[in-house]
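Here's the structure we're looking at; comments come further down.
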Amino acid sequence: MYAEKLKQFENVENLGGKAWEHAVMIDFAEKSDIEDCAMHCFHYQQLFELLLKHLLEIKSKFGAYPRTHKLNKLLEQLVEQSDFKTDIDKYESHLTAITVCAEAYRYNFLIDCKVYRKDVAILNPLLDELVEFANI
């Protein structure tokens, strides 16, 4: 599902291509018997981070992205520096939660999968908006 959404970036040698690689890993995680959703979260965060940075690089007035890994900050910057428009308030806390749960993966902490899945359900439409914006 995610690899198909980001199909346009398949094997592209830039940050968009790296986002697609994480989409492939998310699809793998969803088909596997892995019960800990922290791995899924790590790849989901990376997908978002790399896609946002790719869009900042190709669509922002400065053609650059910051070093931050905070998804909410990257989205804010994309809205401020490009023609991309969305309701930042609707997504901000969920993007922060994804950023935090990706840290949990790095340190082998368990996360609440039920809450995580709710964040993903809210953020998937934003992912669709970002992919559509990449095509403009």
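None of these values were measured; they are calculated from a predicted model. Residue indices begin at 1 and follow the sequence shown.
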#### Entry: Approximate separation, where rounding is to 0.5 Å, of Leu50 CG and Leu15 CG
5.5 Å

#### Entry: Salt-bridge criterion met for Glu4 and Lys7 (N-O under 4.0 Å)
no

### Query
Honestly curious: do Tyr91 and Ile88 fall in one hydrophobic cluster under the side-chain, below-4.5 Å linking rule?
yes

### Message
If you count heavy atoms of other groups shown closer than 6.0 angstrom to NZ of Lys5, is the number above 12?
### Response
yes

### Message
Is the terminal nitrogen or CZ of Lys59 (NZ for Lys, CZ for Arg) located under 6.0 angstrom from the six-membered ring centre of Phe84 and within 45° of that ring's axis?
### Response
no

### Task
Show your reasoning for whether side-chain contact (heavy atoms from CB on, under 4.5 Å) applies to Leu6 and Leu127.
CA-CA 9 Å; Leu6 275 73; Leu127 181 59; 4.3 Å; yes

### Task
Rounded to the nearest 0.5 Å, what's the gap from CD1 on Ile98 to OG on Ser93? Could you check?
10.5 Å

### Task
Evaluate whether atom NZ of Lys85 has more than 12 neighbouring non-hydrogen atoms of other residues, nucleotides or ligands under 6.0 angstrom away.
yes

### Query
Roughly how far, to the nearest 0.5 Å, is CG of Leu95 from CG of Leu74?
9.0 Å

### Message
Would Phe48 and Leu130 count as a side-chain contact (heavy atoms from CB on, under 4.5 Å) here? Give the steps.
### Response
CA-CA 9 Å; Phe48 257 97; Leu130 292 168; 3.7 Å; yes

### Query
Are any of the side-chain heavy atoms of Phe133 and Thr86 separated by less than 4.5 Å?
no

### Message
Surrounding CG of Asp33 (heavy atoms of other residues, nucleotides or ligands, distance under 6.0 Å), is the total greater than 12?
### Response
no

#### Entry: Within-4.5 Å side-chain heavy-atom neighbours: Ser82 and Leu55
no

### Task
May I ask whether Leu75 and Val100 are part of the same hydrophobic cluster, defined by side-chain heavy atoms of I, L, V, M, F, W, Y residues being less than 4.5 angstrom apart, directly or through others?
no

### Query
How many angstroms lie between NE2 in His69 and CD in Glu103, if you round to the nearest 0.5 Å?
8.0 Å

### Task
List the steps and the verdict of ring-ring contact (aromatic ring centres under 6.0 Å, His included) for Tyr116 and His40.
CA-CA 10 Å; Tyr116 166 70; His40 188 288; 5.5 Å; yes

### Task
State the CE-CG distance between Met1 and Asp27, to the nearest 0.5 angstrom.
7.5 Å

### Task
Give a yes or no on whether Phe28 atom CZ has more than 12 heavy-atom contacts from other residues, nucleotides or ligands under 6.0 Å away.
no

### Query
Under 3.5 Å, side chain of Lys73 to main-chain N/O of Pro66, donor-acceptor pair present?
no

### Query
Less than 4.5 Å apart, any side-chain heavy atom of Glu92 and any of Glu76?
yes

### Query
Between Tyr2 and His43, is the gap from one ring center to the other below 6.0 Å?
no

### Task
Measure the spacing between CG of Leu123 and CG of Leu71 and express it to the nearest 0.5 Å.
8.0 Å

### Task
Show your reasoning for whether side-chain contact (heavy atoms from CB on, under 4.5 Å) applies to Cys101 and Tyr44.
CA-CA 10 Å; Cys101 84; Tyr44 194 76; over 6 Å; no

### Query
Does the side chain of Arg117 come within less than 4.5 Å of Cys37's, by heavy atoms?
yes

### Query
Is the number of heavy atoms from other residues, nucleotides or ligands under 6.0 Å of Asp83 CG greater than 12?
no

